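Source: prediction; values computed, not measured. Residue numbers begin at 1 in each chain, while the letters A, B, ... track the order of the sequences.
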Protein chains: 2
Amino acid sequence: MRKILEAAERLFAVNPAATMEQVAQAAGVARTTVHRRFATREALVEELTGWAARRFAEAVESAHPDSAPPLVALYQVTVNVLRVKTDWWFAMNRTAGDSHREAARVHAEVREGCDRLLRRAREAGVLRADADLDWTRRVYYALIHEAATEAAAGGASGGGDAEALATRVVDTLLRGFGSPTGPVIA
Amino acid sequence: MRKILEAAERLFAVNPAATMEQVAQAAGVARTTVHRRFATREALVEELTGWAARRFAEAVESAHPDSAPPLVALYQVTVNVLRVKTDWWFAMNRTAGDSHREAARVHAEVREGCDRLLRRAREAGVLRADADLDWTRRVYYALIHEAATEAAAGGASGGGDAEALATRVVDTLLRGFGSPTGPVIA
DNA sequence: ATGACTTGCAACATAGATGTTGCAAGTCAT
DNA sequence: ATGACTTGCAACATCTATGTTGCAAGTCAT
């Protein structure tokens, strides 16, 4: 069953319309077996979004975002999330938010936790006082997604790579790419 | 025909598996009409990716990325792209890169143009000397996508909003969110 | 060896989506 | 008015994906 979920996650990340037959093949089982485990395709999708969301939330929670120093927490959350490699939640989150209440609830909670962390970071002087937290969080999410995509494409083997990527993500979030002495636009 | 493409673009951005019937309804025509214009669903998708790619390339080109001052070009490219609102190309670019040669070629050219612009920006001191151009470009694309998504969700009406969003995108790209006197991680 | 469980396979049924065809009505230019 | 073109509608054909069922083989614990 775990095998099926993992295969589904990989497939759906690339093609949300992947068939049950494709999932079965990727999992190395017969389609009947997939049907036995998940009564319908919808049930598989539901289970998968819930599973992905829980893993994501656990990755975030294990970084202690509410108690660790803001910068440390930011970095650790990023490392943990990159390690989990939940390719799926990002794509699916966009198209099925409303029909998967559990996953939507988990993501909403994670979002609130992220907002709290960013607020703490702002108060601690890690972020600029005028940083728009909503936009900051969206950018943060996008950066993680890009890093995860790059890791998946490069055949990353986890471990050290997740840490280097997380460093890159947090650095980009805090500093951007502009030259310290270069022009600014706003 | 234009009406059909626009409807398809909107629908496929949200659900790549949208049916021809849904496209027809969104376009306000009969499905037969859609089939008369596009022999197959695949033909519609092919046309759409090509159309979106061309519009995107035109938006970029009209900002004169090779001759305008780097910062100005960065900003103008962003404004133009946000104005075009090609929701489609981003999602589809991920799943069908290989089967749409024209679109893939156009995007590859735009990517090269973007790399040239970023290189110029680095040489001009707009970007840090150690900025990784590949990662910079990926982040730039992701920021545009986030801004476009936000505009679409907020029912933006173009014009002034595209400029404010572009300012935000370029500002985020250059400065990030960190406090000038705050800690750094790399 | 036996029973319980799991799995693959083959066959079948159904629904939905795609693609096709023919006809009538509407529009437009001459 | 007439011919050319466009469109919607209804009906049909085909295919694919999903879901279901029954059977045989394999695995495991007793």
Worksheet item: How is the base pairing of DNA chain D summarised as a dot-bracket string, given the Watson-Crick and G-U wobble criteria with both distances under 3.5 Å, [ ] for crossing and | for another strand?
Response: ||||||||||||||||||||||||||||||
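Side-chain N or O atoms of R122(B) include one that pairs as donor or acceptor with a backbone N or O of A131(B) at under 3.5 Å. No donor-acceptor pair closer than 3.5 Å links the side chain of Y140(B) to the backbone N or O of V170(B).
Under the 3.5 Å distance criterion, with hydrogens and angles disregarded, no donor-acceptor pair is assigned to the side chains of R111(A) and H107(A).
Residue R37(B) contributes atom CZ, which lies 19 Å from atom P of dT18(C) at whole-angstrom precision. Distance NZ (K3(B)) to C1' (dG8(D)): 12 Å, rounded to an integer number of Å.
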Table of protein N/O atoms under 3.5 Å from nucleotides 17-20 of chain D N/O atoms:
from    : atom 1 : to     : atom 2 : distance (Å)
dT18(D) : OP1    : R41(A) : NE     : 3.1
dT18(D) : OP2    : M20(A) : N      : 2.9
dG19(D) : OP2    : R41(A) : N      : 2.8
dG19(D) : N7     : R31(A) : NH1    : 2.8
dG19(D) : O6     : R31(A) : NH2    : 3.1

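Using a cutoff of 4.0 Å between basic side-chain nitrogens and carboxylate oxygens, R2(A) and E6(A) are scored as salt-bridged. Looking at R168(A) and D132(B), a side-chain N of the basic residue comes within less than 4.0 Å of a carboxylate O on the acidic one, giving a salt bridge.
A 4.5 Å side-chain heavy-atom check between W135(B) and E150(A) finds at least one atom pair inside the cut-off.
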Item to complete: Evaluate side chain to side chain contact (heavy atoms under 4.5 Å, CB included) for V23(A) paired with I4(A), printing each intermediate quantity in order.
Response: CA-CA 7 Å; V23(A) 171; I4(A) 297 174; 4.1 Å; yes
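For a distance-only test at 3.5 Å, the side chain of R36(B) fails to qualify as a donor-acceptor partner of the base of dG19(C).
When each of R119(B), R116(B), R120(B) is checked for a salt bridge (Lys or Arg N to Asp or Glu O under 4.0 Å) with D66(B), only R116(B) meets the rule.
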